[in-house]
Structure formats: C-alpha cells, structure tokens
Amino acid sequence: MNPYLDDDLEAIAAQARRFAEARIAPGYLERDRTRVLDRTLMAELGALGLIAPELPEWAGGQGLPTRAAGVIHEAIARADLSMSYVNLLASLNGQILVQHARRELAAPWLARMTAGTALVAIALTEPRGGSDAANLRLKVERRGDAYVIDGEKSSISAADQADAVIVFGRTGPVDSGARGITALLVPTDTPGLTRSRFDCHGQRAIGRGSLFFDGVRVPADHRLGDENQGFAQVMQGFDYSRALIGLQVLAVARAALDETWTHVATREAFGQALSSFQGVSHPLAELDTQVEAARLLCLQTLWLKDRGAPHGAEAAMCKWWAPKLAYDTIHQCLLLHGHGGYDRGPMEQRLRDVLGFEIGDGTAQIMKTVIARRRAGRSAVPI
Ligand SMILES: Cc1cc2nc3c(=O)[nH]c(=O)nc-3n(C[C@H](O)[C@H](O)[C@H](O)COP(=O)(O)OP(=O)(O)OC[C@H]3O[C@@H](n4cnc5c(N)ncnc54)[C@H](O)[C@@H]3O)c2cc1C
C-alpha cells in the first residue's frame, strides 16, 4: 500500500495501465521510426478521461488530485515516454490556461486538449540558451488590440505537431530581465509562424524543433497573465511538470527493471542463473531501492501540491534526481541483457528516451540551484 495513493487512485492507475499495455506499448518501436504521435491513440486517451483529469470540470477535467495525473503519466510513460508527452503538455499547459487565460479563450482549447484532439506546446528556450531563461529575446510588441511577435524559439517539444504554443516573449526593454516578459497563446496556423523538426537522439515520436516568428499577430486577449509578468506568474507551473517528469522517467526505469529481474533469473552463465551472482543482483537491488525512493519523493511532491503546500524544492529534487537515476538504471539493465540489450529494441530506446529529460525542462545544475536558493536564499544564486 502506497501512503500517497488511495483505492480510487489505484483504480485509475490500473485502468491506465490496461489501456497502455493493450494500445500504446505495441507501437513503441514503430513510432520511434516514423517520428509521428498517433492522434487516434491521443483521442482514445481523451475519451477514457486519461488526459489531465486534475483540471476543473469547466476545463474538461474531473477535478481529481494531481496524483491521478501522476499515476496516469506513469502508466503511459511505461509503454511509451513520447506518448506520455500528451499527458504532460495537457497537465502543464492546461493548468497555465486555467490560471492565466481568459475563460472564453481557454475553455475551447482545454476541451480539445483533454479530449486528445489538440496538442499545446510550450516555448521558452531560444537559440542563445535555455538555462538563463529570464534573459530571453523574442520580441513581442503591443500594437493596438494585438501583439506582434518576431524572433525564434528553439528546442521546443512537439514544435511541428502542436496545434498551439504558449510563447514567452519580451515586451519590456532588452535588459528588463524577468520583469519584461509576457506569455501568449499562439495557434500554430497563425500567419507568419513557421516550424522545423530536429533529428533527436530519443523521444522521437514527439520530437523537438524550432519556431520562427515573422510578424506573427495575435489578438491582445490571447495574453496569459499580466503584461510583463509572464515569467513570475506563468513559470510557477513548472513545479508541477518537474514532479510529473520524475514519475514518467521512473516508470520507464521500472519497466526496464522488471524485465531485467526476469531476464537474470532465467538466463544462465557458468551453469547458474545470472541472478545467483551478486555482481549481477546487488547493483540491480540498489537501483530498485533508489527507483522506489525517488518515486515516493515525486508522489510526495504531488501530495504537497494537492494540499496547497509549498513544493518548489521537492519538485526540483524530482527533476534532477529521477532522470539521472532512470538513465543509470536502464544503462545497467541494458548491460545485463548482454549483446541483446545493445540491439535496436525497447531497452536501448528507453535509454535514449529518458536522457532527454536530463536536459529538457531544466538541467540538473539549474535544479540544484533552485534547491540551494530555497535553502540558502539569494546567496545561492549566481550573479
Ligand atoms: C528533450 C528536450 C525537450 C525540451 N523541450 C522543451 C520545450 O518543450 N520547451 C522549451 O522551451 N524548451 C525545451 N527544451 C530546452 C531545454 O529546456 C533547454 O535545453 C535547457 O533549459 C538547457 O538550455 P540549453 O540547452 O540552452 O543549455 P545552456 O543553457 O547553454 O547550458 C549548457 C550547460 O551549461 C550548464 N549551465 C548553464 N548555466 C549554469 C549555471 N549557472 N551553473 C551550472 N551550470 C550551468 C547547463 O546545466 C548545461 O549543462 C527541451 C530540451 C530537451 C533536450
């Protein structure tokens, strides 16, 4: 029995697992090859109520705790990390739209996101860098009842598959830092917006790419939060995605561990099961322990969020620890499969998939700075 999950949440997890095993897992390798998210599967997820159930009912959700979203993320990511981006983007961006968009703007988009018929991406990173996020340059200018956007965003997940993007741009002077940033919702069919696709190491079905803005005009009522306050207000949502990302990558690691325990118990060397050698079983036992502990930290972070308690430091802990641990775990599992693990297949794909989250949504160094700042105050922030 897990202290952060009750019978209702366990039932949601079981439903999501059944769907993921039957419908999502079989196409894991194929989607890595075709590099396309399956829109039919997205809509099936939506029809089952498995996308962002924590959102309020007016927003297409069911008003459930964020831990419900967490256990669904785990189930989908275990089958295909790229597919679980549908859940991640809907939970992160859905929360942002609920909190910061006008309801007339948000409601139709949220209905489509939770139904699995629209994908909304989020664009912060620029070619000059992502870690120093408050130093962004994308130009946003207010002209009458519209904002006009010029510049480039880079390394954006689902850039070429999204139906809309939450874009952070500079409305203040170049040196205004975090205080001169405004967030906008930009439909991707807006004239002047073009997109590219990168050739990624992993997470290939969701993909990443650039967005090019050439005089892109969006109505002023597409603004999220207040003008010049986009960074302080809208960025709060990232505490949520950090815990969800932790659960996603740990679920991938758990799948690798489960398969590897079975493999080492059945494959023999020197006339004995591999698991009889402590050089095989002890590293696995250690990783299994840490994966279990990290999962509890992620669920605890969501539990704190569900109670309205501060959880910024815990979220940053999830985000630096879980992707590194998941990578190390899958690496060990791959090695214990011998040469077979190195062949194109689920194990090597998992390794490529989880690596992206050691960078995406903020690197380990940045997360550790977030934690240090919560503990030691501004003295822990680089000048
Ligand atoms: C799979 C994936 C998905 C992504 N999805 C999105 C997305 O949907 N939307 C989006 O906006 N962005 C996205 N990104 C971009 C991501 O957020 C950035 O790559 C990340 O924030 C780091 O920025 P950077 O790559 O420019 O590295 P840089 O900022 O150039 O940093 C390079 C290295 O220096 C280190 N470093 C920088 N500053 C410090 C410091 N003060 N102390 C110690 N070390 C430091 C970093 O940790 C890193 O290791 C994604 C990236 C990946 C890989």
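Any value given below was found using the heavy atoms of this structure, including those in side chains, with hydrogens, waters and symmetry copies removed. Whatever order the structure lists ligands and atoms in, that order sets their numbers, starting from 1.
Protein non-hydrogen atoms do not reach within 4.0 Å of atom 32 (C) of ligand 1.
Taking the six-membered ring for Trp, Phe357 and Tyr85 have ring centres closer than 6.0 Å.
For a threshold of 3.5 Å applied to N or O pairs, the pair formed by Ser155 and ligand 1 contains at least one separation below that value. Backbone and side-chain nitrogen or oxygen atoms of Thr363 are examined, and one is located within less than 3.5 angstrom of a nitrogen or oxygen of ligand 1. Residue-to-ligand polar distances keep Gly356 apart from ligand 1: every N/O pair is separated by 3.5 Å or more. For ligand 1, the polar-atom distance check finds an N/O of Ile122 within less than 3.5 Å of one of the ligand's N/O atoms. Considering backbone and side-chain atoms alike, Tyr85 places every N or O at 3.5 Å or more from each N or O of ligand 1. Below 3.5 Å of separation, one finds an N or O of Gln365 facing an N or O of ligand 1.
A salt bridge links Arg197 with Asp160: the distance from a Lys NZ or Arg NE/NH1/NH2 to an Asp or Glu carboxylate oxygen falls below 4.0 Å. Arg350 has a carboxylate O that lies under 4.0 Å from a charged side-chain N of Glu259, or vice versa, which qualifies the two as a salt bridge.
Distances from atom 5 (N) of ligand 1 to the heavy atoms of Gly129, Pro127, Ser157 put Ser157 nearest.
The closest side-chain donor-acceptor pair between Tyr28 and Asp353 falls under 3.5 angstrom.
For the atom pair OG1 (Thr117) and CH2 (Trp109), the distance works out to 9.0 Å, reported to the nearest 0.5 Å.
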